[in-house]
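A short worksheet on the structure shown next.
Here is how names work: the chains are called A, B, and so on, in the same order as the sequence lines, proteins then strands, and each is numbered from 1.
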Amino acid sequence: MSKAAFPVNDLLRRKLQTSLTVATLTLSVASTLFMLFFSRRISLGITSTGNALTYGLSAIFSQFMLFIGVLIFAVGAVITSFIVFLLMKQRTRDFGLIKAAGCPNGLVFGFFMTELLAIAFIGCVLGVVLGLVADFAVANIFHFYTYSESLSFWLAPLVFASFFVLSLIFGAKPMLDAAKLSPIKALSPVQYFGLTTGNKLKPLSRAGLTFKIASRSLFRRQSASVRIVILLSTVFVLLTVSIAGGVIASDTTTSWVENAMGRNIVAVAHKNMGAQYTQLLATFSGATENGDFNYLDPEMALPDTLLQQLNALQGIENVDARLILNGHIQEISNFTIDPETLATFPVGDSREGDSLIVGVDPQNMATSWSLKGRFLSSGEGGEAEAVIGDSISQTMFSPDVHAKIFRSDPLIQSLRLQNATFNIVGVCVDPINNGKVTYVSLEKLQNVTGVFYANIALVKLGSDADRASLLAQIKTEANQVNSDFSVFELDEVLQKNRDFISAVWSAVMLLPIFTLTSAALCLIGYTMLSVEEQHQEFAVLRVIGTKPKAVVTILAMQSLIVLFSSFAVGISLGVIVTVMILMSHPLVTSFTILAIAGWLLAALTGMFLLSLWPALRFAKKPILKMMS
Amino acid sequence: MAMQARELVVATDSLSKAYPLGEEEVEVLKSVTLKVARGEFVALCGPSGSGKTTLLNIIAGIDKPTSGKLLVLGQDLAVQDENFLADFRCNHVGFVFQAYNLVSTLTVAENVAFPMEWSRKPEKKIESRVAELLETVGLQHRENHFSAQLSGGEQQRVAFARALANDPELVLADEPTGNLDEKNGQKITQVLRMLKKNGKTVIVATHDAELIRLADWAACLDDGGLTSKNE
């Protein structure tokens, strides 16, 4: 056999182990690349800022993606280090054998380094390919092409290079360690598996003995066991953040959008106004509205008589008349006092921008919002107040280092609209016009603009009402006033927005699936290491009378110990990160908890069952084959 | 010895075993007929590769014959499933390997207790039996040590204690002194002598002249066939 043929033959001889290592490395690279491409494709998250979603929701999403991105890279690194460690650790004995046969150190190191290079190269190349395919598939399935930017293909070689170097660094370590050993030590099981000696426990029971064999074997493989627990803990943190975070964030953000848009609501307006309003709501999921629309066309005016007739209809809960228009607003700065030094500091500046202005009657609202601060007070007279959308808050009332605005807080600032000043009392998450919206009292807005009518009415239908007949009555009433007035169902656009949020979070949840699969492969690798280390003992146990299932039980216990210890650490950290850092005011219902628990338990069970595969395969072998 | 009058523990008739090797078959045992009565001490001798270990493995139910008949304690082991064979070995057969093969994750006491735990013996009985067996092999002071802390001779004595744990009717030992020096070999011989004295049925595969002398009779294998039987 030529020198060059040895590494190739050695890899082919261990087909299963080689494939497992390549598959794991492939998945690690693929998940990292996919995450980077995916976040870029939907123009959000780590690599860019976007046009879809409101700024508030986009900020939550970006925070998640950033955290998941960091975790995925960390998991990828840990998985890579573990799998190449395993690969090379299992060659320690071969190292000793070849050295004992007289092969010089450098040549032996060269053999195994060639194997490592081949595996790292193949795994990373396949990972890049799989990452690109997954990104393409997800973009097609979830129709994220709408938001695509030009993809940064420089990310592919970057990820390839990172993981390739990582593989070499972590894979070379056990080889260098083995190279330092004398042949006799490399061949010794004491060195190979890190045997320790022990305690004075007496036999307990059949189950107790099985547990002892399982747990003591874990401790004897300390370095591999510690690595797999760290790896799985990191995976479970990632899984919890993605699943728990994904479910909570999806439920919470959906609830925000549902409240802001309202359920069981129809809009009554001029046909052009209704279409424009529907588009304004749909901008959240990527639609574009007509920027030149003339909201103040007198044709749009809803007469008071129509509003009164609608209010009089049986089955209608309330009629929320609004005046919507495009406006130009200006930030008004303020001062704040440092309570310790009593020094004053300017807050905000005088930034300007366009906003959708919505005049509402605070006493007669059909919708509600997730708010920071409060909504408009309902008392007549008093100071003029405004509630701004989260996108206005982010663009016009946030610190901006480039513009040298170091302090900004909308809740202690005001805004100017057509020479009138409005104190900002709240910031709301609102899908309309992607959060670029300002709510003021209808009365104040009419006084400021001199437009004394409403141009849209949101009509909330009673839940017990006969919907079809009620809609027909509303339409008749509207048509009697003006044949261009119509009724617009908002549930359809609400469903589109819901689906969009769901698609965003579903795509986020694809990321841990890659990582979970890699981790499951690592766990299989770890069980294979256990089988390899203990095959002789298992054969002896079978000779002295234990049944094949005892072997499976011992290996299953090892997997369970590893899985449960990692699960406990990972889930705890994941929940803390999700609820305390990533998501403020999370909406957590008992159903949410059940859904999260279900997903996590399914992941745990899936990993456990997969890890049994090498055990079941081994236990089926005849005793003599187990021994060899 | 009047074999007809005594119960047969092992009876083989034209037993053969062949292993596939590529496209060919290597016949390791060729038509072996062997009868061992209760209480007999039998030595299996013959050169390396003659089929001694294969025959012991088949008698123990670890391996299955390719053809021929095999009755051990009245059971045709060739047709039994793995679970039956496991129970059978646990309760009726004690097996000692040349390479000791203790479970490295269990202490000496735990290794000896293991077969009893597996056959669900009462805890107190296990404790007293472990103490008794370790005293028999002279290792009571080593009960809480792991195999890695024992010498080869000590490990083999523990292996005998483990093989005797369930008081099996048949003890099989595969070159039990093969890896030991003379002094440790003699200790193992003493254990086997005690088994003979206690009337255990023992089959030992060995090259050791002293063990062959200790046997009631010796069966010699060569190239897979039984060539002679020396009483």
Within the 3.5 Å criterion, strictly below it, is a donor on [X] or [Y] matched to an acceptor on the partner's side chain?
{"X": "B/Q98", "Y": "B/D174", "result": "no"}
{"X": "A/Y526", "Y": "A/S559", "result": "no"}
{"X": "B/N83", "Y": "A/K549", "result": "no"}

Where does [X] contact chain A at under 4.5 Å (heavy atoms): side chain, backbone, both or neither?
{"X": "B/N57", "result": "side chain"}
{"X": "B/F88", "result": "neither"}
{"X": "B/Y19", "result": "side chain"}

TODO: Quick one: which residue pairs count as a salt bridge (Lys or Arg N to Asp or Glu O under 4.0 Å) with a foot in residues 145-161 of chain B, not counting sequence neighbours?
DONE: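 Qualifying pairs: B/R142-B/E154.
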Task: Nearest-0.5 Å distance, CG of residue B/L170 to CD of residue B/E40 - done: 11.5 Å
- [ ] Write out all pairs satisfying side chain to side chain donor-acceptor pair (under 3.5 Å) with one or both partners inside residues 69-82 of chain B, taking only residues at least two apart or from two chains.
- [x]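 Listed by first then second residue: A/R542-B/E82.
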- [ ] With sequence neighbours left out, write down each residue that passes side-chain hydrogen bond (donor to acceptor under 3.5 Å, both in side chains) with A/R227, or none if nothing qualifies.
- [x] none
Task: Residues of residues 613-625 of chain A near chain B, each having a heavy atom less than 4.5 Å away - done: A/I623, A/L624
